[in-house]
**Q** 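Input: one structure, supplied below.
Both ligands and their constituent atoms are indexed starting at 1 by order of listing. In what follows, every heavy atom counts, from backbone to side chain, and hydrogens, waters and symmetry copies are set aside.
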Amino acid sequence: MLRVNNLQVSFATPKGVVTPVRDVSFDVGRHETLGIIGESGCGKSVTAQALMGLLTPRTSRVDGEIILSGERLDVLSSGTRRRRSGRDIAMIFQDPLSSLNPVFTIGFQIEESLRLHTSLKRQQRREKVISLLEQVGIPEPARCASAYPHELSGGMRQRVMIAIAVSNAPSLLIADEPTTALDATIQAQILDLLDDIKRQSAMGIVIITHDLSVVARLCQRVVVLYAGQVVEETDVVTLFQHPRHPYTRALLAARPSAGREPKSRLDEIRGSVPALDALPPGCAFAGRCSQATTRCLEDSPPLRTLGGAPHQVRCWYAENTGSPS
Ligand SMILES: Nc1ncnc2c1ncn2[C@@H]1O[C@H](COP(=O)(O)OP(=O)(O)OP(=O)(O)O)[C@@H](O)[C@H]1O
Ligand SMILES: [Mg+2]
C-alpha cells in the first residue's frame, strides 16, 4: 500500500549539505505495522517528515518515490500535500501538547479536522467527535470534548491525537515515538489502542521507536536505520531470533532483561553514530563494530537480500553472523 523507493533527504546547513536519510526503501501493507528503529539522530523523524510532505523545498531536498495506494505523492505540489495531509497519511507525535492548540477545546479541534476533510454537517461532526473519543477509550467523551488540552493527562491527550489522526480514515498512520513521554502503564494502554485500531481498519501503521519492546508488541516487519541508511530489514521474528547486522545484534544485546532497567534505550552501544558531515568512506558502523575488517573501513557495503524469507542486510559479513551474540 505504501512503497518508499530510494528516499533521500538533504539539508543545507551552515557547515554544508548534510544527508540524514540516504537511499531508504521499504513497503507497508494494509493491516501491517512496520517498525523503524535506530539510535537518536539516525534519520527516523526526518523520514516521517518526508512521508508527510512536511519538508519544504526552501530548506531541504527530497529525492526518491513515495507511492501510496498506487499514487505518487512525491510529485504533488506542497500545497496539495498539505491539503490532503491527515487524509492520506496521518501522524501522531511524542508530545501531543505541542500538536494541540491550547486555546481551543478538544471537541473543536477534532471537529476542525473533520470539517477540513469530510462533507459532514455540523450536527454529524459533533456526533462523530463523541464516537471518535469513545473509540479511543476516553471514559467521558462529552466532558472531554468541552475540555482544553491542558486539562487532560498526557495519556488522554495522546488518545485525543489518535482520535484526530484516525478521524479521516487515513490509509497510513505514522506514530513517531508515540509512548516515549508516558509512564509504563499508560504506554501499554496506548499500544493496545493502536493495536485495536489496526485490527479494526485496513490502515497500515509505521511506528518509529527506540524501544524494542514496542517493536515486539506491535510490529510485523522492522527496518533498522543507522546513520540514515537501512542496515537491516526483516520480519519481527527473524529480527529477534536471527539478526544478521552487527548493529542490530548490538541493539538486541543492549536490551534490558529481567532485573535490569525496564526501559530499553538504544544508546548503550559503545561509541556513537558518526557525524553527518563526517561519514566514513566504508561502512558507517565500522568504527563501532567488533568484527570490522579493512574492507569494512574502505568499502561501503550494499544492502543485500539473504536467502529464504525477505531479509535484507547491509554488511559484508552478514552470512557469517549466525546466532545472536
Ligand atoms: N531541518 C534540519 N536541518 C538540518 N539538519 C537536520 C534537520 N532536521 C534534522 N536534522 C538532522 O538530521 C539527523 C536526523 O534527525 P532525526 O530527527 O531524523 O533523528 P531521529 O532518528 O528521529 O532521532 P531521535 O531518536 O532523537 O528522535 C540529525 O542529525 C538532525 O540533526
Ligand atoms: Mg525523532
**Q** Between Glu127 and Lys121, does any NZ, NE, NH1 or NH2 come within less than 4.0 Å of an OD or OE carboxylate oxygen?
**A** no
**Q** Checking Arg81 against Asp74 for the salt bridge (charged side-chain N to carboxylate O under 4.0 Å, His left out) test, could you report, in this order, the C-alpha distance in whole Å, the side-chain angles of both residues, the deciding distance, and whether it holds?
**A** CA-CA 9 Å; Arg81 290 201 67 187; Asp74 56 284; over 6 Å; no
**Q** In ligand 1, which numbered atoms sit nearer than 4.0 Å to a non-hydrogen atom of His210?
**A**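 Here the atoms of ligand 1 in question are 25 (O).
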**Q** Distance only, no hydrogens: is a donor on one side chain within 3.5 Å (strictly under) of an acceptor on the other, for Tyr226 and Glu232?
**A**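 Distance-only check fails for Tyr226 and Glu232.
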**Q** Mind checking whether Cys42 has an N or O less than 3.5 Å away from an N or O of ligand 1?
**A** yes
**Q** What residue and heavy atom of the protein are closest to atom 25 (O) of ligand 1, and at what distance?
**A** Lys44 NZ, 2.8 Å
**Q** Can a side-chain donor-acceptor contact be found between Gln8 and Asp63 if the only test is distance below 3.5 angstrom?
**A** no
**Q** Hey, is ligand 1 close enough to Pro20 that some N/O pair sits below 3.5 Å?
**A**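 For ligand 1, there is no N or O atom that lies under 3.5 Å from one belonging to Pro20.
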**Q** Give a yes or no on whether Ser45 keeps an N, O or S atom under 2.8 Å from the Mg ion (ligand 2).
**A**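 Yes, since at least one N, O or S atom of Ser45 sits under 2.8 Å from the Mg ion (ligand 2).
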**Q** Is there a polar contact between ligand 1 and Thr47, counting only N or O atoms under 3.5 Å apart?
**A**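 No, since none of the N or O atoms of Thr47 sits under 3.5 Å from an N or O of ligand 1.
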**Q** Are a donor atom and an acceptor atom from the side chains of Asn168 and Ser113 found within less than 3.5 Å of each other?
**A** yes
**Q** Between ligand 1 and Gly43, is the shortest N or O to N or O distance under 3.5 Å?
**A** yes
**Q** Taking all non-hydrogen atoms of both residues into account, name the closest pair between Arg3 and Ser25 and its distance.
**A**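 Of all heavy-atom pairs spanning Arg3 and Ser25, the closest is NH2-CB, 4.4 Å.
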**Q** What protein heavy atom sits nearest atom 27 (O) of ligand 1, and how far away is it?
**A**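 For atom 27 (O) of ligand 1, the nearest protein heavy atom comes out as Ser45 OG, 3.9 Å.
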**Q** If I apply the N/O under 3.5 Å rule, does Thr13 come out as touching ligand 1?
**A**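 Among all N and O atoms of Thr13, none is under 3.5 Å from an N or O of ligand 1.
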**Q** Of all the non-hydrogen atoms in the protein, which one sits nearest to atom 1 (N) of ligand 1, and at what distance?
**A**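 Ranking protein heavy atoms by distance from atom 1 (N) of ligand 1, first comes Phe11 CE2, 3.5 Å.
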**Q** Considering distance alone, does some N or O of Val46 sit under 3.5 Å from an N or O of ligand 1?
**A** yes
**Q** Looking only at protein heavy atoms, which one is nearest to atom 14 (C) of ligand 1, and what is the separation?
**A** Gly41 O, 3.4 Å
**Q** Considering all protein heavy atoms, does one lie under 4.0 Å from atom 7 (C) of ligand 1?
**A**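 Flag for atom 7 (C) of ligand 1 set to true, protein heavy atom closer than 4.0 Å.
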**Q** For atom CZ of Arg61, is the number of surrounding heavy atoms from other residues, nucleotides or ligands below 6.0 Å larger than 12?
**A**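 No, because the 6.0 Å sphere around CZ of Arg61 holds 12 heavy atoms or fewer from other groups.
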**Q** Looking only at protein heavy atoms, which one is nearest to atom 26 (O) of ligand 1, and what is the separation?
**A** Ser40 OG, 2.4 Å
**Q** For atom 29 (O) of ligand 1, what is the nearest protein heavy atom, given as residue, atom name and distance?
**A**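 Minimum-distance protein heavy atom for atom 29 (O) of ligand 1 reads Leu276 CD1, 3.4 Å.
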**Q** Locate the shortest heavy-atom distance separating Leu303 from Val230; write the atom from each residue and the value.
**A**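 Between these two residues, the closest heavy atoms are CD1-O, 3.5 Å.
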**Q** Assess, by modelled atom type and distance only, whether the side chains of Glu233 and His311 contain a donor and an acceptor separated by less than 3.5 Å.
**A**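 Absent: no donor and acceptor within the cut-off.
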**Q** State whether a side-chain donor-acceptor pair under 3.5 Å links Thr209 with Asp211.
**A** no
